[in-house]
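This structure is a prediction, so every number in the text was calculated from the model and none was measured. Read the numbers this way: they start at 1 and go in the same order the structure lists the ligands and their atoms.
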Amino acid sequence: MSIRENILYFDEKLRGVTCRLVAVSKTHSVEKIQEAYDAGHRLFGENKVQELVEKRELLPHDIAWHLIGHLQKNKVKYIASFVDTIQSVDSLKLLVEINKRAEQVSRTFPINCMLQISIADEETKYGMSYEEAVALVQSEEYRNMKYIRLVGVMGIATNTDDAGKLRQEFRYLRECYQQLKETYFFANEDFAEISMGMTSDWELAIEEGSTMVRVGSGIFGNRNYNK
Ligand SMILES: *Cc1c(COP(=O)(O)O)cnc(C)c1O
């Protein structure tokens, strides 16, 4: 299927479900992104700062860009002026830096941020424990931030086709979300997102409460990292 057809396929699948699609365009060309854009899509995800900055320059500026990969503190400054959402916030220090950089640039709205919680058993995956996330939202520093809007949680499940295991991990992330929501964000409508599910498991993730699936190869085809 073409990129256009894939976008329309997801539009159809997500109609009536409170779940949005992040089209993950990492490693793919601006031409391919433009194709998805021309099919009406406006929400894209990249995992590397430099790639994101380069592509953003060449594409329409009404795209909402989500950073979904690990973010180093020293690179926040390159995206602070335009990024819509940083899904991969994995420490208070990083959030402090994002807030600082957002203050320095003239943005018309705060930077949306999600707390990345580690749900997989692979140790290489970034993310906070639930306890670290709690400590972050309880901190004085977070409470004083004016340029950050925490909009939810994000998780990357184990790379497996064991549906039972995936379900467990998705469920855990949803529980983390619900706990945070009830305890710290009950009166805050912005905190509403559970970002989970990718090409191989997005349907399962939606069944477990995902509000945002991040699909790359299922839209743009396989990635070639050797180009
Ligand atoms: C690459 C990536 C995706 C998309 O992966 P696919 O399997 O191609 O759908 C989703 N989330 C994150 C964090 C990624 O880095």
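For atom 10 (C) of ligand 1, the nearest non-hydrogen atom of the protein is Met198 SD, 3.2 Å. Summary of contacts: the protein heavy atom closest to atom 12 (C) of ligand 1 is Ile68 CD1, 3.5 Å. Protein heavy atom in closest approach to atom 2 (C) of ligand 1: Lys26 NZ, 2.6 Å. Nearest protein heavy-atom neighbour of atom 6 (P) of ligand 1: Thr199 OG1, 3.3 Å. Nearest protein heavy-atom contact of atom 11 (N) of ligand 1 is Arg214 NE, 2.9 Å.
Remark: ligand 1 atoms within the under-4.0 Å shell around heavy atoms of Ile156 are 13 (C). Short contacts between ligand 1 and Val215, defined as distances under 4.0 Å to a heavy atom of the residue, involve ligand atoms 9 (O). Every atom of ligand 1 is numbered from 1 in the order shown, and the set under 4.0 Å from a heavy atom of Ser217 is 6 (P), 7 (O), 8 (O), 9 (O).
Because its NZ or CZ atom is both nearer than 6.0 Å to the ring centre of Phe109 and within 45° of the ring axis, Arg107 counts as a cation-pi partner of that residue.
Ring orientation note: the planes of Phe44 and Phe220 are tilted relative to one another, at an angle of 30° to 60°.
Electrostatic pairing of Glu103 and Lys146 does not count as a salt bridge here, judged by no charged N lying under 4.0 Å from a carboxylate O. Taking a cutoff of 4.0 Å between a charged side-chain nitrogen and a carboxylate oxygen, Lys26 and Glu46 do not qualify as a salt bridge. Salt-bridge annotation for Arg42 and Asp62: present, with a side-chain N of the basic residue lying under 4.0 Å from a carboxylate O of the acidic one.
The backbone N or O of Met212 sits less than 3.5 Å from a side-chain atom of Ser210, completing a donor-acceptor pair.
Using a 4.0 Å cut-off between heavy atoms, Gln87 makes no contact with ligand 1 at all.
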Set out, in order, the CA-CA distance, both residues' side-chain angles and the distance that settles ring pair (Phe, Tyr, Trp, His ring centres under 6.0 Å) for Phe186 and Phe191, then state yes or no.
CA-CA 8 Å; Phe186 54 92; Phe191 194 82; over 10 Å; no
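At a 3.5 angstrom cut-off on N or O pairs, Gly216 counts as close to ligand 1. Residue Asn47 has no N or O atom closer than 3.5 Å to an N or O atom of ligand 1.
Across Thr85, Ile86, Leu92, a single residue satisfies side-chain contact (heavy atoms from CB on, under 4.5 Å) together with Val89, and that is Ile86.
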